[in-house]
Peer 1: 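Handing you this structure, nothing more for now.
Order of the sequence lines sets the chain letters (A, B, ...), proteins ahead of strands, with each chain counted from 1.
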Amino acid sequence: MTATATTAAPEPAATRARRLSLLNVAFELRAFIALAVLIVIFGLLSDSFLTVPNLITMTKHVAINGVIALGMLLVILKGGIDLSVGSIVGLSGVVAGELLQGLHVGGVIAYPPVWVVIVLCVAVGMAVGLINGVLVTRFNVAPFIATLGMLYVARGAAMLISNGATYPNLGGNPALGNTGFELLGSGRPLGLPTSIWIMILLAVAAVLLLAKSPFGRWLYATGGNERAADLSGVPIRRVKTIVYVISGACAAVAGLIIASELTSAAPQAGETYELNAIAAVVIGGAALSGGRGTVRGTLVGAFVIGFLADGLVILGVSTFWQILIKGAVIILAVMLDQGQQRFKRRGAAAAAVAASKKHD
Amino acid sequence: MTATATTAAPEPAATRARRLSLLNVAFELRAFIALAVLIVIFGLLSDSFLTVPNLITMTKHVAINGVIALGMLLVILKGGIDLSVGSIVGLSGVVAGELLQGLHVGGVIAYPPVWVVIVLCVAVGMAVGLINGVLVTRFNVAPFIATLGMLYVARGAAMLISNGATYPNLGGNPALGNTGFELLGSGRPLGLPTSIWIMILLAVAAVLLLAKSPFGRWLYATGGNERAADLSGVPIRRVKTIVYVISGACAAVAGLIIASELTSAAPQAGETYELNAIAAVVIGGAALSGGRGTVRGTLVGAFVIGFLADGLVILGVSTFWQILIKGAVIILAVMLDQGQQRFKRRGAAAAAVAASKKHD
Amino acid sequence: GSAEQPATSASASSGAAAAGGLIAIITPSHDNPFFKAEAEAAKAQAEKLGYQTSVASHDDDPNKQSELIDAAISRQAKAIILDNAGADASIGPVRKAAQGGIPVFLIDREINATGVAKAQIVSNNSQGAQLVAQSFVEAMKSKGNYVELVGKESDTNASVRSKGFADVISQYPDMKPVAKESANWDQQEAFTKMETIIQKSRDIQGVIAGNDTMALGAVAALKAAGLLKKVVVVGFDGSPDAIAAIKAGEMHATGLQPAALGATSAVDQADQFIKTGKTGKDEKQSIDCELVTADNADEFGVFARK
Amino acid sequence: MTGPILRAGEVTKVYGGTHALKGVDFDVAPGRVTALFGENGAGKSTLMKILAGIERPTTGHVELDGRPVRLHSSRDAADQGISIIHQELSLCPNLSIQDNLFLAREVRTAYGSIDRKAQREATAAVLHRLEEDVDPDRLVGDLRLGQQQLVEIARALLQQARVLIMDEPTSALTAPEVDVLFRVIRELTAAGVAVVYISHHLDEALEIADDVVVLRDGRLVATARADEVDIRWIVEQMVGRDQDTLFPSREPVLGEEALAVRRLTVADPAVPDRLAVNGLSLSVRAGEIVGVYGLMGSGRTELLETLAGRLRPSSGEVLLDGAPLHEAGIRDRIERGVVLVPEDRQRDGLVQTMSVGQNLSLAALGTFVRGLFVSQERERAAVTRTIADVTVKTSGAQAAIGSLSGGNQQKVIIGKALLTGPRVLLLDEPSRGVDVGAKADIFELMAAQARRGLAVLFTTSDAEEALHIPDRLLVLARGILVGEFRRGELGRGGLTREELMRVSDGGAQDGSS
Ligand SMILES: Nc1ncnc2c1ncn2[C@@H]1O[C@H](COP(=O)(O)OP(=O)(O)OP(=O)(O)O)[C@@H](O)[C@H]1O
Ligand SMILES: Nc1ncnc2c1ncn2[C@@H]1O[C@H](COP(=O)(O)OP(=O)(O)OP(=O)(O)O)[C@@H](O)[C@H]1O
Ligand SMILES: [Mg+2]
Ligand SMILES: [Mg+2]
């Protein structure tokens, strides 16, 4: 009877496994479909949309939101949210501007080399993220509130440092040995803009982190069942703190890319970017409740948002319609998701009933 | 044996019961303290702060956020969030503007009387809220995403209706019998601005709804433990939908007040108001997880935010500092909350041990 | 149903492309009537000259502006008419367009670089500001307490105008600034801040605002406080609403920027350049603003003389 | 025989209102299986959680190898060689089996990445040892509840602990699976591992045990060698009073058929293509108490939740007094007189943010409404009456619900149900996690309601209850009705727990799922 029991169990189990993996694929499929639909529509309506240069340009635009969204994905996988990324984008740009203008240290002005500037900016982003993490883990402030507060604090800091002004020509000066900053934005190694390479790089890193490293397992576990993760000895507090730090770092990188592309840094840069990042992650099939989400899905989500925006511009759709359509797309994409899940459920149940009927 | 068990229960229970009510009071106390601190500081730093007219003016400013926050409180009590209120503010103003400019019905232009205009605007707000509710309850879209989408949709709609333009002088025209709209903003029954009366009215209504009506109890139950509420026969879907509708209505009212004060309606009015409303509710001691929060606390929270903003202006603090300080205050207020709760909990444990000692 | 409708418009657009080519018109958000008027004037002129147009707004986000310019480049626009998103932040993108072989014609706002754009047709903010300030001072009989409402601090025009005001007013020792607040170009914010400032002291004789939207916000606040009769309010831009307010005696004056004029002449020069390779004008051209008061209010329409 | 590896000294533990442990001394000897007995809520899990570092004792201490230790976390304890199988599953459903087994203990390659190959092999090995050869990369969320429990066990085995605590490891296992587990336990003890074993299946526990320890209401009341005692003795120690006072004997007065279920089939909400209830038919008459016994995962909760209207059946029909309840939702069913007292108090029963009174009146709120508002007087009156009726020990209606002991919380939920004036009372494991006193009160309540002509349908995992409470007992296995016994065949001299156990594994034979 053990035999029958064991043979009885795995059979549907296997199918279930298949269905589930199908489901996971489907999540990205959904995002992919949305993207495909967009591309087809825009491709038909505008002959300039599907040109290689335009695709590269749009991807370059996607990169910025994509980079932020990768950080946001980690936070959301853990079941949190990070509203402060937009302000971090502005802050990191401002810090870069300040540093490239030269530091006044006791009378003399020091011009740190570009790599130092970059490191420092990312560090600033991580610092803000760390504050978010500490507020959430140590002081049990709800992620929404903690990061909302930091949204204001970081933006205020950016404004104060820059005194509201924009830092012009960050090109640097050969004499001062701080040139090369603009390459981050305008460089084109192997014909692709640097920012795209950065996104690819970070995406690969994220995949490795999530799929191959223990930290990735811990993160999914924490998002999936925090109590169980805790009991298993997962350092949930550290995991939670780290994701905010990473998210801050990604936002800072995005800020650097923008400043470099414009060779100037404006303190108000990045306003409302957090919303685009969250939208990308969710359209990519992640659950705000945590534990579910993939890098691939997130990137596709970012492409959906980015291509939508650029496509509408190319079609010359009025700004007002652009706003409305964006909202509609976000909702539709997620509804699609929900509908799909429910559909799967019903299908499975029906199948089970049928099976049982067959038995007796 | 059984005896001790049974007699053991009530004693500490009693103390804990007392502690609990204390706790609830303490939540508002916290907000009150924050408010008191602000008032004292600003009162000391500026002699014009604590004058009656200034207090009235500031309260008038608070009223707008206060009204939105009351709606937001209901949504948060249920464990949701409504990001679309800011856009609804803009939309309702635009609709008012459009209607007061006159409706083109088949050649002739109809000028609906003001009360009709007001009713229709509120209806529009409720309609947007209804969409939010349906998305959340029927399509299981996460509140954050559903209302984020509607944030864009409603704003886009406002822009499209108004074609981006501001509706000037909504004063109306005696000849057309559509005057009186400006009274909403500039009227002063019994010496207090109408907007303050509206806030008071809605606050009273909210108190009755939450404290006395079955709906209020259902709402607290749904927010406290949705599954339990469901099993107790609470119509959780209806409850959830209704709170979004009410929230939309409150936002629409706020939009009307603004349009009336300026006797002009701009489609971009109300941007980022959602954040202020959420902040007010949370500072007022509500839990984003739902089930905990009071009207009184929310109003105090709104006063904290409003008085802070105006006070800083009176002191002539730079805009940049204003942003930063606002963020800091939000975080601090909530940290205060958390610290307090933890403190209470420790107290409770200690007491229980003491009690147990006494028994054996 | 919805499928074919855009499809037709697509064929139409490609047809148009075959003709004059594309002119991209990029301005700040159209929820400000000034930029809307500007964009529409440019659009009208360009289409009159047989070009296809794409109108977009960068909402004062330098990054979005850069993206819009990228889009124009990859669509090989013949020219870009740009009301930019920051004197420094826009240099890079404009240069990028120039390198992409697309002439950029700046309107309304200048950038802190020359030789990059083909033309910078800027309404002379500082001249206009001084004009407004002058009439403001006269209306206040050269003395009294006044409030200044500044635009978004991160916006060049905010500081240029503020400076223009100061250049004039500072010459009158009896003009006393009681408050200088930023209201981010926003009416509701101006209203609220003005109300608060009034609470600080009702002894105010004048309000000078960086744009008309804020000026109208202040008017509403003053009206509510019953001070409007005693206070001189001036603004900037020359928006229809402001002109209406001036006619109604609620505002004293505003500096009208001939948005339409600048935009149309920018398109004309673009057309010239596309055809001949030169604009025939030097890069920096400033269009003087005009002072609008009760005396001449009737002569003005939407950001232009009638 | 060597001294204890692990011992708890004078341990007390207080949770909010509940006094879970009251000065317990407990020893764990190497190479032996110590069976820990006690009723629901006796404090077994609490004691184990303290030994495993999950909970800190309120007072008292823990000694490892004779030296006092402070166990700061379950991880800390695990590193010291103490591992535990949790009573309530603590797995991550969104991760694969191997990920769960090696969570926070990942095997790493030279590059620091996870060595999946090594993990998969180890996982396959340990699963094979448990004779449950499932793919290590299957998602845990996809497994049968029983399989999930085996994964939980496998995780503990992987840690090669010196002390292995098993808190209800078999609650969802079938007899064959239990036999496998016992084989493994014997191998472990032979290797000198100390095992603590907790189970509500007394005979099963007694079979594997070397030493027997009994807890009652947080006190250690008896210890003995397994071969010196029998089940009857254990039960007496557990209950601490004559069974007949705990299980009131009653003469049912049966009325008309109140509730009828015809070929009901329900898909498992957690695992859609598994049937939690499979073509089940039953009927309950007014004044009758019907019990449903089964393993965890046998579908009792789904059955009751379907009757209450929370779950939608895939097929079959439910009749109340002959009238179909088909489309009716929870709310309508409550109005028509069908109400459920759920299994999981914290998750489904209580609104923790509300007071005792508010929890009591929640389901019947409509009946207190006067005009627009809830009439305070009517509500207060009803609440006070109910508090007395169901004998809730509380400082008052406004006390925080969290301040009550498990038993009193359960009474509040029952009171809430009764306030709706039901015709059919459904109770899912009403005696779980409550002390003896409360337990007796609850059974008395059920009896009283039956006397008033209510139809009572309740579930239980406790054989003693199953044998003594109901007028009729239904045994469920894998959602199928595998046995039905009338009062005469139950308890005293009738059906024995051994037979009951055997029947309740019935699902194992016909592999319907
Ligand atoms: N986290 C907790 N919070 C509050 N009370 C608790 C908690 N855990 C246990 N209790 C209470 O402590 C007492 C003992 O619980 P425990 O789980 O140890 O009993 P048990 O013997 O394991 O019962 P069971 O056989 O049902 O597992 C019960 O009254 C229970 O309600
Ligand atoms: N195969 C499974 N996978 C995951 N969860 C399951 C599975 N089977 C049952 N469950 C869940 O475990 C809980 C108890 O199982 P179920 O209700 O099916 O049987 P039961 O007899 O009520 O068991 P219990 O003893 O827990 O009451 C329910 O919440 C059910 O959804
Ligand atoms: Mg237990
Ligand atoms: Mg159950």
Side-chain angles (χ1 to χ4, degrees), chain B residues 46-58 60-62 64 89-90 93 155 158-159 162-169 171 182 185-188 193 255 257-271 273 306-307 309-320 322, chain C residues 28-37 39-40 57 59 150-154 158 177-203 212-213 216-221 223-226 239-245 247-248 250 302:
Chain B
S46 148
D47 36 16
S48 53
F49 185 84
L50 277 182
T51 60
V52 172
N54 184 48
L55 289 175
I56 292 182
T57 311
M58 293 196 298
K60 182 158 149 256
H61 298 162
V62 169
I64 292 169
V89 166
R155 181 67 64 191
M159 291 292 186
S162 66
N163 195 5
T166 301
Y167 294 87
N169 43 36
E182 71 280 10
S186 56
R188 283 176 155 267
I257 296 175
I258 293 175
S260 159
E261 280 178 342
L262 304 173
T263 61
S264 77
Q268 71 272 36
E271 271 165 11
Y273 281 19
F307 278 21
D310 284 0
L312 292 173
V313 170
I314 288 189
L315 294 188
V317 175
S318 93
T319 337
F320 306 152
Q322 291 180 25
Chain C
S29 172
H30 292 188
D31 59 31
N32 176 326
F34 177 83
F35 302 117
K36 197 166 163 50
E40 278 163 358
S57 100
D59 305 332
V150 190
K152 211 186 188 75
E153 263 104 336
S154 46
V178 290
K180 182 176 180 181
E181 273 290 330
S182 163
N184 296 311
W185 303 129
D186 179 76
Q187 192 171 6
Q188 165 69 3
E189 192 166 343
F191 174 80
T192 311
K193 292 213 159 141
M194 193 62 215
E195 278 199 323
T196 309
I197 293 166
I198 291 171
Q199 293 312 319
K200 198 158 137 192
S201 122
R202 294 179 65 87
D203 180 15
D212 286 337
T213 341
L216 290 167
V219 167
K223 206 194 271 174
S239 76
D241 300 352
I243 293 178
K247 288 179 182 162
E250 297 181 335
V302 179

Peer 1: Measure B:Val317 against the heavy atoms of chain C and call it side chain, backbone, both or neither at under 4.5 Å.
Peer 2: backbone

Peer 1: For chain B, which candidate among C:Lys180, C:Lys193, C:Gln187, C:His30 shows the most heavy-atom pairs at distances under 4.5 Å?
Peer 2: C:Gln187

Peer 1: To the nearest 0.5 Å, how far apart are OG in B:Ser48 and CZ in C:Arg202?
Peer 2: 13.0 Å

Peer 1: Between atom CG of B:Asp310 and atom NZ of C:Lys200, what is the distance when rounded to the nearest 0.5 Å?
Peer 2: 12.0 Å

Peer 1: Tell me, side chain or backbone of B:Phe49 under 4.5 Å from chain C's heavy atoms, or both, or neither?
Peer 2: neither

Peer 1: Between atom CG of B:Asn54 and atom OG1 of C:Thr196, what is the distance when rounded to the nearest 0.5 Å?
Peer 2: 7.0 Å

Peer 1: Drop me the distance from B:Gln268's CD to C:Trp185's CH2, to the nearest 0.5 angstrom.
Peer 2: 14.0 Å

Peer 1: With rounding to the nearest 0.5 angstrom, report the OG to CE distance, C:Ser29 to B:Met159.
Peer 2: 5.0 Å

Peer 1: Between B:Thr57 and C:Gln199, do the side chains contain a donor N or O and an acceptor N or O under 3.5 Å apart?
Peer 2: yes

Peer 1: Go through the atoms of B:Ser264 and report whether side chain, backbone, both or neither lie under 4.5 Å from a heavy atom of chain C.
Peer 2: side chain

Peer 1: Between C:Lys36 and B:Asn163, do the side chains contain a donor N or O and an acceptor N or O under 3.5 Å apart?
Peer 2: yes

Peer 1: What part of C:Glu181 gets closer than 4.5 Å to chain B, counting heavy atoms only: side chain, backbone, both or neither?
Peer 2: side chain

Peer 1: If you count heavy-atom pairs under 4.5 Å with chain B, which of C:Thr192, C:Asp241, C:Asn184 comes out on top?
Peer 2: C:Thr192

Peer 1: Between B:Thr263, B:Asp47, B:Ile64, B:Leu262, which shows the greatest number of heavy-atom pairs under 4.5 Å with chain C?
Peer 2: B:Leu262

Peer 1: Show your working on side-chain contact (heavy atoms from CB on, under 4.5 Å) between B:Glu271 and C:Asp186 and close with a plain yes or no.
Peer 2: CA-CA 11 Å; B:Glu271 271 165 11; C:Asp186 179 76; over 6 Å; no

